[in-house]
**Q** 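What follows is a structure written as structure tokens; I'll ask about it next.
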Amino acid sequence: MAEKYNASNIALEQILNYIKSGEIAIPEIQRPFVWKPRQVRDLIDSLYTGYPTGYLIISQSPNIKLKDGALAEGKRIMIDGQQRVTALMTAIMGMDIINADFEKKRIKIAFNPLANPDNDEERFKVQDNAILKDKRWIADIAEVFKPTFDMWQFVNDYCEANKEITGSILNKIVMQLIDIKNRQIGVITLDKELTIDEVTEIFIRINSQGAKLNQADFAMSKIAANVSYGGNMLRKAIDYFSHLAVQPEWYSEMTKDKEFMDSAFAPKLKWLKNDREEIFDPDYNDILRIAFMYKFGRAKMKDLVSLLGGRDFETREYKESIAEDSFRLLTDGVTDFMNEYTFINFVLAIKSAGFISSKLINSQMTLDFAYTLYLLLNADPSIDQTQIKHYVVKWYVMTTLTSRYITSPETVMDMDIKRIKERGFLNYFSEVEAANLSDTFWNIALVQNLETSVINSPYFNLYLASQIHDGDDALFTSGSKISYLITLIGDVHHIFPKKYLIKNGIKEKSKYNQIANYTYLDTQVNKAIGDDSPYTYFSKVLNQCETGYAVYGNITDREMLLLNLQQNCIPETITQTEHEDYESFLNERRKLMALKIRKYYYSL
């Protein structure tokens, strides 16, 4: 079998010449420049010291779409190595780059000829104001690599400002810096006859370092490469939506893209300029996944890549009609995803269940499926439209409770999508609920799941959501809602104070940081409690119900206190507990928390 690629070494200067001449081009398969400035600095330092910097993978395929919209005829296409090449462009050639936030900027790397690495002095640093004021530094190495760089003048000026170095030594050091351009870079060149599918397959097999591209990246490359069906504009719509969801103020920048503003997508994104919700800020992975599941009834992203390429799964042939239909369906799915009314109402539904903060969202995959389900039910005439939010919220809570989409999420989502289509949502939901939420789950499994010290555990977040949903007050404080403390000023605190437990021999973090030992408290109340035992400070609270004088919080009525304890799943025996009773307290509270979550679920 013929080799699909060949390996060689090319001088960095030649790579730079390819960039200058436009012979190396960056295709849509790649992501924006995402390296941190420090990583650019480290690459330059590695080249200076002669350390290996990894292979570049280059394709000569004439059918890959470039950033400027042209086909790649006669070009060398950078399949892997964009981050390194872009770093060279900005640091050595002095070119602006576009970062992940769509900002045009330069990363300037400074060089100190006087640095002594043996004393841990850095030769290279990212330029900052201190460097600009320090005469020892060459503030921007790109100046040294310019054809107009005057070595003689530079050496004279530098030595005049830095008397501790001679001209001959400085000349050698700067020549070593310039010699970076002669460093050999490993290049793997793919055969020009390979198709885009073969190129991506080889990429998966060869690439073993860096931030790997996933199936969504490959799907985006397919989308952008197909101008015939509006792929390039669809790609922009997906990218722009995910950017605006995080930074609504970026809308003014988007309007500078006149071609996009004239497209059918632009009006559908306009509402995002006023969006301030943070519960669901989807990236391009989420948008593609949801649109794909919703319109295609599948969940495995590799299938989307194949369908966009025109694959017939039955005959295993590639047909243009399938590619055309796939682009149409995906465009419809993305358009429905972006609908202001649908998106906002889905977010409101999730918030109505108590998930009012993004820190209560444990699994993006679980949220993705919930929105997919919302879209599916909206399009299903057999479903009572007034009950859609109810169904979606219950499904979301149920799948969070059972960690349904944590292990092999695509496989499970693929199964759920297909069975919902086959059996109808209500029938399938009843089956899944009966299979997963038995009395054994509620009384034993959930109680066991609550035995954890992981503060962002989905079970603790569900417990907090149940408190928010029920409008519960924080411990000892009437009128100070849990929802208020979570979103604004509150924090979780130990019921059995940490220092109290440590002082009494319970020193393991996994013991004293059990989530069953956590509750939301007003900060001032927590400070007043200090390191007292529960017996001590709960007794004082009971006493304030007799005297009417509040020491902790503002509850001075016994019945109100008992209700407050119930809301926070605190056993009434707390007033008699010391450190010896800690384990029994945890066990009892886990049962109360599980019971509260159960009542919450069936109240949705």
**Q** Can Leu330 and Phe296 be said to form a side-chain contact (heavy atoms from CB on, under 4.5 Å), step by step?
**A** CA-CA 8 Å; Leu330 185 63; Phe296 292 77; 4.2 Å; yes
**Q** Begin with the C-alpha distance, continue with both residues' side-chain angles, and end with the deciding distance and a verdict on ring pair (Phe, Tyr, Trp, His ring centres under 6.0 Å) for Phe496 and Tyr512.
**A** CA-CA 8 Å; Phe496 277 68; Tyr512 60 69; over 10 Å; no
**Q** A side-chain contact here means heavy atoms from C-beta on lying under 4.5 Å apart; do Gln385 and Ile388 qualify?
**A**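 Side-chain contact under 4.5 Å: yes.
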**Q** So with a 6.0 Å cut-off around NZ of Lys394, is the heavy-atom count from everything else above 12?
**A**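 More than 12 heavy atoms, drawn from other residues, nucleotides or ligands, come within 6.0 Å of this atom.
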**Q** Looking only at heavy atoms, what is the nearest atom pair of Tyr318 and Gly309, with distance?
**A**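 Smallest heavy-atom distance, with atoms named: CD2-O, 3.4 Å.
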**Q** Which pair of heavy atoms, one from Ser242 and one from Pro282, lies closest together, and at what distance?
**A**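 Minimum heavy-atom contact is CB-O, 3.2 Å.
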**Q** Begin from the C-alpha positions of Gln467 and Asn568 and carry the test side-chain contact (heavy atoms from CB on, under 4.5 Å) through to its verdict.
**A** CA-CA 8 Å; Gln467 287 195 293; Asn568 289 278; 3.2 Å; yes
**Q** Does any pair with a residue in residues 595-604 pass salt bridge (charged side-chain N to carboxylate O under 4.0 Å, His left out), and if so which ones, sequence neighbours excluded?
**A**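 Passing the test, one end in residues 595-604: Asp439-Arg598, Asp470-Lys596, Asp472-Lys596.
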**Q** Please determine if Arg289 forms a cation-pi arrangement with Tyr284, meaning its NZ or CZ atom is less than 6.0 Å from the six-membered ring centre and no more than 45° off the ring axis.
**A**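 So Arg289 doesn't make the cation-pi contact.
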**Q** Can you measure from CG (Leu401) to CG (Asn436) and round to the nearest 0.5 angstrom?
**A**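 Between Leu401 CG and Asn436 CG, I get 10.0 Å after rounding to 0.5 Å.
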**Q** Mind checking whether Tyr396 and Phe369 have ring centres under 6.0 Å apart?
**A**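 Between Tyr396 and Phe369, the centre distance exceeds or equals 6.0 Å.
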**Q** Any ion pair linking Arg423 and Glu431 (charged N to carboxylate O, less than 4.0 Å)?
**A**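 A salt bridge links Glu431 with Arg423.
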**Q** Does one side chain, of Gln448 or Arg590, offer a donor that lies under 3.5 Å from an acceptor on the other?
**A**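 No pair is found: no donor N or O on one side chain lies under 3.5 Å from an acceptor on the other.
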**Q** Side chains of Tyr518 and Asn513 only: does a donor on one sit below 3.5 Å from an acceptor on the other?
**A**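 Present: a donor and an acceptor within the cut-off.
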**Q** Return yes if some donor-acceptor pair links the side-chain N/O of Tyr251 with the main-chain N/O of Asn274 below 3.5 Å, else return no.
**A**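 No: the side chain of Tyr251 does not pair with the backbone of Asn274.
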**Q** Would you say Glu508 has more than 12 foreign heavy atoms packed within less than 6.0 Å of its CD?
**A**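 It does not: Glu508 CD has 12 such atoms or fewer within range.
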**Q** What is the distance from atom CG of Asn449 to atom CZ of Phe460, rounded to the nearest 0.5 Å?
**A**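 Atom-to-atom, Asn449:CG and Phe460:CZ are 15.0 Å apart.
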**Q** What I'd like to find out is whether the side chain of Asn517 reaches to under 4.5 Å of the side chain of Arg589, using heavy atoms alone.
**A**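 A side-chain contact under 4.5 Å is absent here.
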**Q** If you apply the rule ring pair (Phe, Tyr, Trp, His ring centres under 6.0 Å), what do you find for Phe280 with Phe343, and how did you get there?
**A** CA-CA 9 Å; Phe280 187 29; Phe343 191 92; 5.4 Å; yes
**Q** Step by step, would you call Glu277 with Lys351 a salt bridge (Lys or Arg N to Asp or Glu O under 4.0 Å)?
**A** CA-CA 10 Å; Glu277 287 288 358; Lys351 291 181 72 173; 2.9 Å; yes
**Q** Is Tyr240 close to Leu272 at the side-chain level, that is, under 4.5 Å between some pair of heavy atoms?
**A**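 Of all side-chain heavy-atom pairs linking Tyr240 with Leu272, none is under 4.5 Å.
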**Q** Would a distance-only check, ignoring hydrogens and angles, find a side-chain to backbone donor-acceptor pair under 3.5 Å from Lys359 to Ile486?
**A**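 The answer is yes, because a donor-acceptor pair under 3.5 Å joins these two groups.
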**Q** Cut-off 3.5 Å, side chains only: do Tyr582 and Asn504 have a donor facing an acceptor?
**A**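 No - no donor-acceptor pair under 3.5 Å links their side chains.
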**Q** Within the 4.5 Å heavy-atom criterion, are Met293 and Arg298 side-chain neighbours or not?
**A**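 No. Closest side-chain heavy atoms not under 4.5 Å.
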**Q** I'd like to know if the side chain of Trp271 and the backbone of Met338 have a donor-acceptor N/O pair within less than 3.5 Å.
**A**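 Yes, Trp271 side chain to Met338 backbone: donor-acceptor pair under 3.5 Å.
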**Q** Would Tyr602 and Leu437 count as a side-chain contact (heavy atoms from CB on, under 4.5 Å) if you check the C-alpha gap in whole Å, the side-chain angles of each, and the deciding distance to 0.1 Å?
**A** CA-CA 11 Å; Tyr602 287 110; Leu437 301 183; 4.2 Å; yes
**Q** Is there a side-chain contact between Ile502 and Ile506, using heavy atoms and a 4.5 Å cut-off?
**A**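 Counting from C-beta outward, Ile502 and Ile506 never come under 4.5 Å.
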**Q** List the steps and the verdict of side-chain contact (heavy atoms from CB on, under 4.5 Å) for Phe260 and Leu269.
**A** CA-CA 11 Å; Phe260 181 77; Leu269 271 62; 4.1 Å; yes
**Q** Taking salt bridge (charged side-chain N to carboxylate O under 4.0 Å, His left out) as the cut-off, I'd like each qualifying pair that reaches into residues 374-391, sequence neighbours left out, listed once.
**A**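 Residue pairs passing salt bridge (charged side-chain N to carboxylate O under 4.0 Å, His left out), neighbours aside: none found.
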**Q** Provide the closest heavy-atom pair for Asn339 versus Tyr341 in the form atom of the first, atom of the second, distance.
**A**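 Heavy atoms of Asn339 and Tyr341 come nearest at OD1-N, 3.1 Å.
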**Q** Parallel, tilted or perpendicular for Tyr229 and Phe327, by the 30°/60° rule?
**A**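 Tyr229 and Phe327: tilted rings.
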**Q** With a 4.5 Å limit on heavy-atom distance, are the side chains of Leu360 and Leu464 in contact?
**A**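 Result yes, sub-4.5 Å side-chain heavy-atom pair found.
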**Q** Verify the distance criterion only: is there a donor paired with an acceptor across the side chains of Glu433 and Tyr428 at less than 3.5 Å?
**A**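 No, no side-chain donor-acceptor contact under 3.5 Å.
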**Q** Indicate yes or no: at least one non-hydrogen side-chain atom of His469 is less than 4.5 angstrom from one of Leu604.
**A**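 Touching, per the 4.5 Å side-chain cut-off.
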**Q** Mark yes when over 12 heavy atoms from residues, nucleotides or ligands other than Lys511 sit less than 6.0 Å from its NZ; otherwise mark no.
**A**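 12 or below, so no.
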**Q** Under 4.5 Å between any side-chain heavy atoms of Thr342 and Asp336, yes or no?
**A**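 Counting from C-beta outward, Thr342 and Asp336 never come under 4.5 Å.
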**Q** Okay, side chain of Gln514, backbone of Ser510: is any donor-acceptor separation there less than 3.5 Å?
**A**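 Checking the backbone N and O of Ser510 against the side chain of Gln514, a donor-acceptor pair under 3.5 Å is found.
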**Q** For Lys302, is there an ion pair with Glu410 - N to carboxylate O distance below 4.0 angstrom?
**A**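 So Glu410 does not pair with Lys302 through a salt bridge.
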**Q** Main chain of Asp581, side chain of Ser584: is a donor-acceptor contact present, judged purely on distance under 3.5 Å?
**A**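 Confirmed, Ser584 side chain pairs with Asp581 backbone.
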**Q** Does this structure show an ion pair linking Arg311 with Asp303, if we count only N-O contacts that are shorter than 4.0 Å?
**A**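 Salt bridge absent between Arg311 and Asp303.
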**Q** Flag the pair Phe337 / Tyr371 as yes when their ring centroid distance falls below 6.0 Å, and as no otherwise.
**A**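 Yes, they do, as the ring centres are separated by less than 6.0 Å.
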**Q** Give me the atom names and distance for the closest heavy-atom approach of Gly333 to Lys295.
**A**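 Smallest heavy-atom distance, with atoms named: CA-CG, 3.5 Å.
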**Q** Taking atom CD as the centre, does Gln387 end up with more than 12 heavy-atom neighbours from other residues, nucleotides or ligands that are less than 6.0 angstrom away?
**A**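 Check passes, neighbour count above 12.
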**Q** Any side-chain donor paired with an acceptor under 3.5 Å for His493 and Asn526?
**A**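 Present: a donor and an acceptor within the cut-off.
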**Q** Not counting sequence neighbours, which residues clear side chain to side chain contact (heavy atoms under 4.5 Å, CB included) with Asp283? List them please.
**A**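 Applying side chain to side chain contact (heavy atoms under 4.5 Å, CB included) to Asp283 gives Asn285, Asp286.
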**Q** Taking Asp239 first and then Arg235, would you say they form a salt bridge - that is, a charged N and a carboxylate O separated by under 4.0 Å?
**A**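 Salt bridge flag = yes for Arg235 with Asp239.
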**Q** Verify side-chain hydrogen bond (donor to acceptor under 3.5 Å, both in side chains) between Asp368 and Tyr405, making sure each step is shown before the conclusion.
**A** CA-CA 10 Å; Asp368 284 355; Tyr405 303 123; over 6 Å; no
**Q** Going by atom types only, do Thr366 and Ser363 share a side-chain donor-acceptor pair under 3.5 Å?
**A**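 The answer is yes; a qualifying pair exists.
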**Q** Give a yes or no on whether the backbone of Glu314 and the side-chain of Asp312 come within a donor-acceptor separation of less than 3.5 Å.
**A**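 Yes.
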